[in-house]
Amino acid sequence: MYVIMRQGNNKEVKKIKKVFALAWGISPLYIILLIMNSLIGAMQIVANVVLPKYLIDELITSRNTGSLLYIGGAIVLSNLLFSFLGKLMTRNLAIQNRYMNEKMNQALGIKIMNVDYSYLENPYYLDLKERAAFACTNQSAVYNLINNSADLLKSLVTLISMVAVMLTLGPVLFLVSAVTIILTVAVLASFSSYQVKFFEKIIPVNRKYGYYLGLGYSDDEIQKDARLYGMEPMLLSRVVNYTNEFMGEFNKYYKKQGKIRGAVNIIANLQAALTYGYVGIRVVTNQFGKQIGLGSFMMYVNASIQFTATFRTLTDNIVGTKQMLDYLDPFLELMDLPEVKQEGDIPFEGDIESVCFEHVTFCYPGSEKEVLSDLSFQINKGEKISIVGLNGAGKTTLIKLICRLYHPTSGKILINGKDIFDYDYESYIKNIAAVFQDYKLFAFSLLENITSKDKERVDKGEVNEIVKEVGLEEKIEELPNGLDSLYGKAYDVNGIELSGGQSQKVAIARALYKNTSMVIMDEPTSALDPLAEADIYHNFNNMVSNKTAIYISHRMSSSVFCDRILVLDGGSVSDFDSHENLMKKGESLYCKLFKAQAENYSEA
């Protein structure tokens, strides 16, 4: 750490501290094992440099059998002990590393789940999320950073030990090693900056390459279109082009890397020659100091070579640490994002009696454009409300505000007379169910998709009743495992596939099973055919009973079933009345939309 700080990288030191704090919070044992492993490795190197000196000196001088056995035994036993401890550490570290990787991925997932929802709709932060995941999974940046830091400790301990050994001969040997090291660092430093820029340049190309390659062999959703429209040549050409670009850049990289390695090897050979020459002179003459024996000769030569090798390793560790920190910038930036503060501490009790918007204006974070402008209206308990308007009128945004996915830029949303952000989040959200346009079904059983619970905690009778209400009963009865059938074939070849309409019915069933006092449907029947849509709406009043229901739909026929229609035009409320009354306003937006759609159906 000290070396990095001396290089002026205080910012990098802070990043390392963040990663280690995160790692320590996950597994203190992992960090302790790494430190112990580093110290054991350094001690083994020191022992193998120093102990052979005494064996050689004993062989040349007295050749005492007892002393030879004692020294030889010490060398063998020390290596056996260090090897055993090293293997033990390696095995335990492998287990802890697996655990650490899983927990780091989990920490990333938890962070994404807890940041403000607005970040997840912002292209910059979506890209940041992808780059953070890429650094953790593809580049193992957290693992490499922690291990590089542990290797730094090992290298530092080894360096200090080797310097102490060399200085017992005098300063010359140390100075020779230091000069060659400075030359090596200068050469490697010139390559380091190039390396960072290279990988910054190559990551976007790699992402594009991975995207197009993934389309070809892993994205089932495009296979029909790819085959129908003959997209194979286009996809293949993209993959080939990015492969060529990739390989062209790497050719340049490896050529430069070869030159750098060549220069480093020349410096290393020069250092070895000077070391052998100087220490050899000290063996045969006392002209430059006290004459030494062959044992000392081997010790000092090994110490000098080990010093240089260790410093090169240290330099590689520093460069590697710097690179990992650069790769981890997106991860650390993402982990530093503020998490959602669950405002409010008032428990929400009872049903939703009223929803009131008071002069609500909303702009997306980072934008000054008003998506919703000065909205004021009230919805009463049990009402069935349809929200209509042209694309981009702010219909889905309004729903997201009710769900507390966003804060109003100004104004208030009151439920039962209180600001929705005054309520405790958990108790508040239990009273709202929503089916969004981009709903998702998961690779769980249909039962788990509907209930969001393990099957042991579910009343199947209630689920069966809801399945019947949404029109899935016949489909479920056809399945060999019924509600226990696994959705999708991602993890099981026997998994089932559903049509778009059937999938949407599962999503609607999930909303109904939650049994909330308000149900929100954002384009609830977009994937259903007209007959299925009519059937859903015909029975919907019975399904939602006395619940408050809010619908968004582009099919104006859905509005006929509703008590009132909220018409949004350019982010503002243009009308809020019943279907009958709005149809009397011949020039209103609602009347025009309804008649235009009715004419299209009649013409068809």
Side-chain angles (χ1 to χ4, degrees), residues 116-127 355-379 384-413 420 432 434-440 500 504 507 511 518-528 533 549-562 564-577 579 582-583 585-601:
D116 193 281
Y117 181 78
S118 63
Y119 290 117
L120 303 181
E121 291 197 322
N122 185 312
Y124 172 80
Y125 291 104
L126 288 174
D127 182 67
V355 179
C356 182
F357 274 57
E358 290 187 349
H359 304 289
V360 171
T361 295
F362 177 75
C363 305
Y364 280 102
S367 172
E368 295 182 358
K369 182 182 177 182
E370 293 183 353
V371 180
L372 298 174
S373 180
D374 197 29
L375 262 60
S376 293
F377 60 87
Q378 180 165 320
I379 300 171
K384 311 298 182 281
I385 303 297
S386 175
I387 303 177
V388 302
L390 299 173
N391 288 336
K395 302 183 293 296
T396 298
T397 302
L398 186 151
I399 299 306
K400 289 177 180 177
L401 288 173
I402 294 176
C403 294
R404 283 176 61 166
L405 295 174
Y406 287 113
H407 269 272
T409 305
S410 63
K412 289 184 178 181
I413 303 172
I420 61 173
I432 298 175
V435 181
F436 289 103
Q437 298 176 58
D438 53 353
Y439 70 91
K440 298 294 180 186
Q504 204 154 33
M518 183 161 71
V519 181
I520 299 170
M521 302 287 189
D522 188 352
E523 296 286 347
T525 57
S526 62
L528 301 180
E533 179 193 37
I550 300 175
Y551 315 117
I552 297 175
S553 178
H554 283 97
R555 292 177 181 171
M556 307 304 292
S557 57
S558 64
S559 302
V560 177
F561 295 90
C562 296
R564 289 189 292 166
I565 296 98
L566 180 69
V567 184
L568 294 181
D569 186 6
S572 300
V573 176
S574 65
D575 276 305
F576 191 26
D577 210 335
H579 169 74
L582 290 175
M583 289 303 292
K585 299 179 180 180
E587 295 303 313
S588 69
L589 176 62
Y590 176 81
C591 185
K592 290 178 181 178
L593 290 173
F594 191 93
K595 286 180 178 179
Q597 200 167 90
E599 286 175 6
N600 289 334
Y601 275 112

Is there side-chain contact between [X] and [Y], with heavy atoms separated by less than 4.5 Å?
X      : Y      : result
Ile387 : Asp522 : no
Val388 : Leu568 : no
Cys363 : Tyr406 : no
Leu593 : Leu390 : yes
Tyr551 : Ile520 : no
Ile565 : Phe576 : no
Met521 : Ile552 : no
Ser376 : Val573 : no

Problem set entry | Pair Phe377-Cys356, side-chain contact (heavy atoms from CB on, under 4.5 Å): steps then yes or no | CA-CA 6 Å; Phe377 60 87; Cys356 182; over 6 Å; no

Problem set entry | Aromatic ring proximity Phe561/His579, centre distance under 6.0 Å |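 Here the rings of His579 and Phe561 have centres that are no less than 6.0 Å from each other.
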
How long is the span from the [atom1] atom in [X] to the [atom2] atom in [Y], to the nearest 0.5 Å?
X      : Y      : atom1 : atom2 : result
Arg564 : Lys384 : CZ    : NZ    : 12.5 Å
Ser386 : Leu566 : OG    : CG    : 8.5 Å
Leu375 : Leu372 : CG    : CG    : 5.5 Å

For this session: Please assess Thr361 against Ser410 for the test side-chain contact (heavy atoms from CB on, under 4.5 Å), listing each intermediate value before the final yes or no.
Result: CA-CA 5 Å; Thr361 295; Ser410 63; 3.3 Å; yes

Exercise. Please, which pairs that meet salt bridge (Lys or Arg N to Asp or Glu O under 4.0 Å) have at least one residue in residues 385-404, sequence neighbours excluded?
Worked result: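 Sorted result for residues 385-404: Glu121-Lys400.
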
Exercise. Under the salt bridge (Lys or Arg N to Asp or Glu O under 4.0 Å) rule, what pairs show up with a residue in residues 385-394, not counting sequence neighbours?
Worked result: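 Listed once each, the pairs would be none.
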
Which residues share a side-chain contact (heavy atoms from CB on, under 4.5 Å) with [X], sequence neighbours left out:
X      : answer
Val371 : Phe362, Tyr364, Thr397
Asp575 : Val567, Leu582, Lys585, Ser588
Ile413 : Phe357, Val360, Leu401, Pro408, Ile420
Ser373 : Glu370, Ser572

For this session: Tell me, please, which residues at least two apart from Gln378 pass side-chain hydrogen bond (donor to acceptor under 3.5 Å, both in side chains).
Result: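 Checked Gln378 against side-chain hydrogen bond (donor to acceptor under 3.5 Å, both in side chains); matches are Asn380.
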
Problem set entry | All side-chain hydrogen bond (donor to acceptor under 3.5 Å, both in side chains) counterparts of Asp438, not counting sequence neighbours |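 Result, side-chain hydrogen bond (donor to acceptor under 3.5 Å, both in side chains) vs Asp438: none returned.
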
Which pair of heavy atoms, one from [X] and one from [Y], lies closest together, and at what distance?
X      : Y      : value
Glu587 : Lys592 : O-CE, 3.5 Å
Tyr117 : Leu405 : CB-O, 3.4 Å
Tyr590 : Ser559 : OH-CB, 3.2 Å

For this session: Just do the side-chain contact (heavy atoms from CB on, under 4.5 Å) check on Ile550 and Leu398 with the steps written out, would you?
Result: CA-CA 11 Å; Ile550 300 175; Leu398 186 151; 5.8 Å; no

Exercise. Excluding sequence neighbours, so at least two apart, what forms salt bridge (charged side-chain N to carboxylate O under 4.0 Å, His left out) with Glu368?
Worked result: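 Glu368 satisfies salt bridge (charged side-chain N to carboxylate O under 4.0 Å, His left out) with no other residue.
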
For this session: Could I get the full list of salt bridge (charged side-chain N to carboxylate O under 4.0 Å, His left out) partners for Asp569, not counting sequence neighbours?
Result: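 Asp569: no salt bridge (charged side-chain N to carboxylate O under 4.0 Å, His left out) contacts found.
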
For this session: Would you please name every residue forming a ring pair (Phe, Tyr, Trp, His ring centres under 6.0 Å) with His359, sequence neighbours left out?
Result: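 Here no residue qualifies.
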
